[in-house]
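One structure is given below, encoded as structure tokens.
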Amino acid sequence: MAVRARVAAMRRRLRMADLPAYGWNALLCQGVWASRGFASMNRLTERHCRNSWDWDSCSPLCLSACLRHAWPRPRWPLERSVSDSAQVAPPLHGGTGSANIRSMSDPFALDDEAPASPPPSRASGPRPVPPDAPWLQGLNPEQFQAVTTTDGPVLVLSGAGTGKTKVLTSRLAHILASNLAQPWQCLAVTFTNRAAREMKERVGQLVGPVSDGIWLGTFHSLCLRILRSHAEAVGLGGDFTVLDSDDQMRVLKQVMAEAHVDPKGTPPQGLMATIQRWKDRAVTPDKAAADGGAEGQAKTLYRAYQDRLRSLNACDFGDLLLHVLTVFLSDAEALARWQGRFRYLLVDEYQDTNVAQYLWLRLLAQTHRNICCVGDDDQSIYSWRGAEVGNILRFEKDFPGAKVVRLESNYRSTPHILAAASTLIANNEGRLGKTLRPGIIHEPEAIEKIRTKAVWDGEAEARMVAEEIETLQRRGEKLSSMAILVRAGFQTREFEERLITTGIPYRVIGGPRFYERLEIRDAMAYLRLVVSAADGLAFERVVNTPKRGLGEAAVQTIHMVARAEQVPLLEAARRLVDTDELKPKARQALARFIEDVDRWRSLLESMPHPELAATILDESGYVDMWKADKSADAPGRVENLKELVAALEEYDSLASFLEHVALVMENDSRADLDSVVIMTLHGAKGLEFDSVFLPGWEEEVFPHSRALAESGTKGLEEERRLAYVGLTRARKRVLVSFAANRRIYNQWKSQLPSRFVEELPESHVERSGERGLHGGGLAESKAAWNDPAWSRARFGQPRRETAAAPSWGQAKPRESAGGFKPGARVFHDKFGNGTVLSLDGNKLEIAFDKAGIKKVLDSFVSAV
DNA sequence: GAAAGATTCCTTTTT
DNA sequence: GGAATCTTTC
């Protein structure tokens, strides 16, 4: 392994004598360096750099690693679409996407007021397709039926690994090739951008660039496209903005503040969830009010929130669907137009649709009734965001005469895996019921049983998994064929740390997203404000960033004026400058700010937009603010800003850029590097790997205690489906593990193995554990409580310090009271190293080497 | 008005 | 362990 050799060489170069100076993290960072280029957020590195107060104390090696490689710098999501192929349209939302479609002479181009007449069929009707057509090759009889039954509604019940994407793409190809419809008369809808992209690529391979014209995208992106031409019908301007979750919360908090609702009594998050569930069920404020029920306050706030959004000329994710539904239901002509347009509808992951999406689909399918839904009730794992498995169950009722096709031949997993997954999921009630059977014959020697393994704690688990990965690697398995699938995001940390120390390259899918970064959001707020002066949220965000001396009081005043005069914030500020309302200082600062914004706006036409963006960030002092910032992540932020500007090149204008951003918020790292994937079970749906690691199968973790607490049996069944999804991701082997002890919120807890572990069928499972803990079943692990080691942990005795957590692990509080004497050397998270001058109770006066003399509480420093 | 310091929550999954 | 918020201090 070239990488590993490099790590070894690095370790040699960094002499042990250097360790005290550079710290253990220098070593860790080499691991990072070795796995450079991975888009995962690397917390260790981040922490390291934060701990090193100044960059000079960081080893040059490590520094460059942190700065150039390991620093969180996700790949630009759209990078590929430009470099790889100019002819492939980027994901479909307005902008360049629609431009492409127009060039295909779409008679129903987005903003036209096209007649409701059926589109002219260019060729002479359907054209027969030879049975040896490439997209019909390699289909089994059921798949063939699903692909070629083009007339009328079709429900494809497609178990895991039975080739549902193949069916969908072949079906699209078949429709196009048979000339049953033009590309723009086909609507293919998915849930994730990733799925949309994959489908697009695969259809493109089958039928070529014609596929560009297909209306293919996520529910949200397609709705946005539709809504653009009907915005005024729901009280929005055509240039409305789509808010991301952060902005949504801000709006909601403002609304709550205005209504004098105490955020403590009514947590905004909870209220937001309630509102979103309403929207998932297509419940408008009116309907919510008519609903009855006790949440009177929530309804009022819901209405206020919607009003507020409208006045901001904005909508949130849920609104995209809700508004389109409103348009469809209130404007028969528009509805008829869209209904007439889409001759074929294809729906991926139908079991995940919520009520709003279901209504949307049902409306659109009315005219031609050629709707094909593909789904698997056993993989319904999104009920928490409003998905209704019921949609799949009632399909035949809603579409009488629907053809139901079951795909049960699994082409992915070994018989052991299939058997285990089937047995597990059989514990659920209320299933449509499918039995997966092997669709391919596996070589006997390649078949491994599922393994379960009991381990001591989370760290041991991570170590064990890393060792397994190395073993597999030695056997010639590719790292990219392995995945660690966790229940919740926070579980990734332990594995990341372990993989770094081991030097195994990895990627975390799903972590923090580029556009959600503070600096990116700030920068975009500047752009938004320049593009649309009425964007109050953007104004608020940047008016005092960087600090201009416009504090809360000033902003409040601006708000008051805005409300009183019914004008956007920027306009209110403009008026305010001419009055004496503000203190002279604030007034001056505000005047300058407005002047700047005006100047930037005047450049909109003349200056190329990437340059303009750079100018804005520069002249506003925003970049300088970060450059001056001494905190460890500031340089990374400056880098990110540069990337943002660079990314602008790929768009026609600032406006089209901002348009895309709201919906393509993903952080899709490229898979071209050989690396292990770490992701959540939810994120893994639709993917497959040779080897799958399923750690953390412990009660409370998985099934998650909250799922059980909130939705009881239903919650449990959904968790079980999640387990089913996890198992069926694997082609060749699965390793389920669970720890006896786990640190949760910084507290050690002893854990019981998940009930799912027991539900795995004995004959397909090989169980093993540490310390004579064989089997790992509940009964056996209970017996094992008597093992001294286990009971020690159980009764909360202190755990030995782990070897891997020296320097940074203890940067946090230690035994505090009076542990320091004048002259002692100490370390502080922010200020770095220093010498204690004097004590005053628990306050220390410390002369920091770099930061001067400060008074600090003793709990914030640790002895060096 | 701003920053440092202290405290208090929360921790599932995502377009 | 960390984000968000509150309090204190300059």
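Note: hydrogens, waters and symmetry copies are ignored here, and every other heavy atom, side chains too, is used. Per chain, numbering begins at 1; letters A, B, ... match sequence-line order.
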Open item on the list: Please report the distance, rounded to the nearest Å, between CZ in A:Arg197 and C1' in B:dT15.
Closed with: 14 Å
- [ ] Taking salt bridge (charged side-chain N to carboxylate O under 4.0 Å, His left out) as the test, write out the residues that go with A:Glu581, two or more places apart.
- [x] none
Task: Under the side-chain hydrogen bond (donor to acceptor under 3.5 Å, both in side chains) test, residues paired with A:Glu388 that sit two or more places apart - done: none
TODO: List in chain and number order the residues that pass side-chain hydrogen bond (donor to acceptor under 3.5 Å, both in side chains) with A:Tyr382, two or more places apart in sequence or in another chain; answer none if no residue qualifies.
DONE: none
Task: Closest-nucleotide ordering on DNA chain B, the 5'-leading residue of A:Gln276 and A:Leu550 - done: A:Leu550
TODO: Find the distance A:Asp280:CG to B:dT15:P and express it as a whole number of Å.
DONE: 14 Å
Open item on the list: Without decimals, in angstroms, what is the distance between A:Asp348 CG and B:dT15 P?
Closed with: 14 Å
Task: Sequence-distant partners of A:Glu540, salt bridge (charged side-chain N to carboxylate O under 4.0 Å, His left out), two or more places apart - done: none
- [ ] Check the distance between B:dT14's P and A:Gln357's CD and give it to me in whole angstrom.
- [x] 16 Å
Task: Length of the line joining A:Lys279:NZ and B:dT14:C1', which is rounded to integer Å - done: 16 Å
Task: Distance-minimising heavy-atom pair for A:Ala589 and A:Arg548 - done: CB-O, 3.2 Å
Task: Contacts of type salt bridge (charged side-chain N to carboxylate O under 4.0 Å, His left out), residue A:Arg755, not counting sequence neighbours - done: A:Glu699
Open item on the list: When the P atoms of B:dT13 and C:dA4 are compared, how many Å lie between them, rounded to an integer?
Closed with: 15 Å
Task: Residues which pass side-chain hydrogen bond (donor to acceptor under 3.5 Å, both in side chains) with A:Arg277, listed by chain and number, not counting sequence neighbours - done: A:Asp280
Task: Phosphate-side-chain proximity, A:Asn354 and B:dT15, N/O vs OP1/OP2 below 4.0 Å - done: no
Task: Option among A:Leu168, A:Thr165, A:Thr218, A:Asp352 that satisfies the side chain to side chain contact (heavy atoms under 4.5 Å, CB included) test with A:Thr190 - done: A:Thr218
TODO: Determine which bases of DNA chain B form Watson-Crick or G-U wobble pairs with both distances under 3.5 Å, and write the result as a 5' to 3' dot-bracket string with | for other-strand partners.
DONE: ||||||||||.....
Open item on the list: Can you measure A:Leu518 atom CG to C:dG2 atom C1' for me and round it to whole angstrom units?
Closed with: 15 Å
Open item on the list: By the 4.0 Å heavy-atom rule, please label A:Asp316 as base, sugar-phosphate, or nothing.
Closed with: nothing
- [ ] Round to a whole Å and report the spacing from CG of A:Leu320 to P of B:dT14.
- [x] 19 Å
Task: Any A:Lys253 side-chain N or O less than 4.0 Å from OP1/OP2 of C:dT5 - done: yes
Open item on the list: Nearest to the A:Lys547 side chain among B:dT15, B:dG1, B:dA3, which nucleotide is it?
Closed with: B:dA3
- [ ] Using whole Å, report how far CZ of A:Arg194 lies from P of B:dT15.
- [x] 9 Å
Could you run down the sub-3.5 Å N/O contacts of the protein with nucleotides 9-13 of chain B?
{"unit_1": "B:dT11", "atom_1": "O5'", "unit_2": "A:Arg706", "atom_2": "NH1", "d": "2.8"}
{"unit_1": "B:dT12", "atom_1": "OP2", "unit_2": "A:Arg706", "atom_2": "NE", "d": "3.4"}
{"unit_1": "B:dT12", "atom_1": "OP2", "unit_2": "A:Arg706", "atom_2": "NH1", "d": "2.4"}
{"unit_1": "B:dT12", "atom_1": "O2", "unit_2": "A:Arg487", "atom_2": "NH1", "d": "2.9"}
{"unit_1": "B:dT12", "atom_1": "O2", "unit_2": "A:Arg487", "atom_2": "NH2", "d": "2.2"}
{"unit_1": "B:dT12", "atom_1": "O4", "unit_2": "A:Glu710", "atom_2": "OE1", "d": "3.4"}
{"unit_1": "B:dT13", "atom_1": "OP1", "unit_2": "A:Gly489", "atom_2": "N", "d": "2.6"}
{"unit_1": "B:dT13", "atom_1": "O2", "unit_2": "A:Trp384", "atom_2": "NE1", "d": "2.9"}
{"unit_1": "B:dT13", "atom_1": "O2", "unit_2": "A:His682", "atom_2": "NE2", "d": "3.3"}

Open item on the list: Which residues pass the side-chain hydrogen bond (donor to acceptor under 3.5 Å, both in side chains) test with A:Glu461, not counting sequence neighbours?
Closed with: A:Ser737, A:Arg742
